[in-house]
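To start, the structure under review is shown below, and the notes come after it.
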Amino acid sequence: MTTQLAGDLIILTLVARVFGADAIALLRRLAAAGVRAGVSEMTRHEREGGR
């Protein structure tokens with residue numbers, strides 16, 4: 001585990017403790033949006049004759 005990843009996890013834990021369930025719900029929505037963006041980018045790349 002890199003120090004940057006460890007720092008990110010610590011900040012995430014602190015945010016979850018301070019803001020509670022609202023922060024956790026927001027983080028889940030952001031993660032889902034990131035996954036959707038990544039998948040759509042991969043499929044777009046394949047349609048354009050990528051890999």
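We count residues from 1, following the sequence as given.
- Partners of Q4 by side chain to side chain donor-acceptor pair (under 3.5 Å), not counting sequence neighbours: none found.
- Residue pairs that meet the salt bridge (Lys or Arg N to Asp or Glu O under 4.0 Å) test with at least one member in residues 6-15, sequence neighbours left out, do not exist here.
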Output a table of donor-acceptor pairs, distance under 3.5 Å, between side-chain atoms of residues 14-41 and any protein atom two or more places apart or on a different chain; print 'none' if there are none.
unit_1	atom_1	unit_2	atom_2	d
S40	OG	R36	O	3.3
S40	OG	A37	O	3.0
E41	OE1	R44	NE	3.4
E41	OE1	R44	NH2	3.3
E41	OE2	R44	NH2	2.4

